[in-house]
Amino acid sequence: MGGRLLRKRLLRPSLDQPEIEERLDAVEEIWKNTILRAELRKKLSGILDLERLLAKITLGSATPREVLALANRST
């Protein structure tokens with residue numbers, strides 16, 4: 001899920017100094033705080049890649065499990 005955002009940020013990096021510093025501060029916070037990092041990893045593991053899943057449904061290539069995951073997500 002984060003791959004597309006990472007790619008976008010690498011191909012079109014920000015030129016806004018405050019935004020760059022904010023991102024660096026966030027990375028430093030996560031890097032230094034192992035408990036926060038573990039909690040974040042646990043929470044992110046349950047998040048679906050909705051963009052990829054919706055594309056598969058639109059193309060008709062989604063598996064029943066993926067459709068069910070989307071149904072469970074929307075409730």
Handout entry: Under 4.5 Å side-chain linkage, directly or through intermediates, the cluster mates of Leu24
Key = Ile20
Practice task
Decide if atom CG of Leu15 counts as having more than 12 heavy atoms of other residues, nucleotides or ligands within a radius under 6.0 Å.
Solution key: no
Fill in the blank from the handout: Residues passing the salt bridge (Lys or Arg N to Asp or Glu O under 4.0 Å) test with Glu19, sequence neighbours excluded, are Arg23
Problem - Within residues 5-18 or reaching into it, pairs that qualify as salt bridge (Lys or Arg N to Asp or Glu O under 4.0 Å) - sequence neighbours excluded - result: none
Problem - Qualifying salt bridge (Lys or Arg N to Asp or Glu O under 4.0 Å) pairs with a residue from residues 54-64, counting only residues at least two apart or across chains - result: Lys56-Glu66
Handout entry: Point-to-point distance, once rounded to the nearest 0.5 Å, from CG of Leu53 to CD1 of Ile57
Key = 4.5 Å
Output side-chain donor-acceptor pairs under 3.5 Å for residues 26-37, partner residues at least two apart or in another chain, one line each.
from: Glu28; atom 1: OE2; to: Lys32; atom 2: NZ; distance (Å): 3.0
from: Asn33; atom 1: OD1; to: Ile35; atom 2: N; distance (Å): 3.2
from: Asn33; atom 1: OD1; to: Leu36; atom 2: N; distance (Å): 3.0
from: Arg37; atom 1: NH1; to: Ile30; atom 2: O; distance (Å): 3.0
from: Arg37; atom 1: NH1; to: Trp31; atom 2: O; distance (Å): 2.6

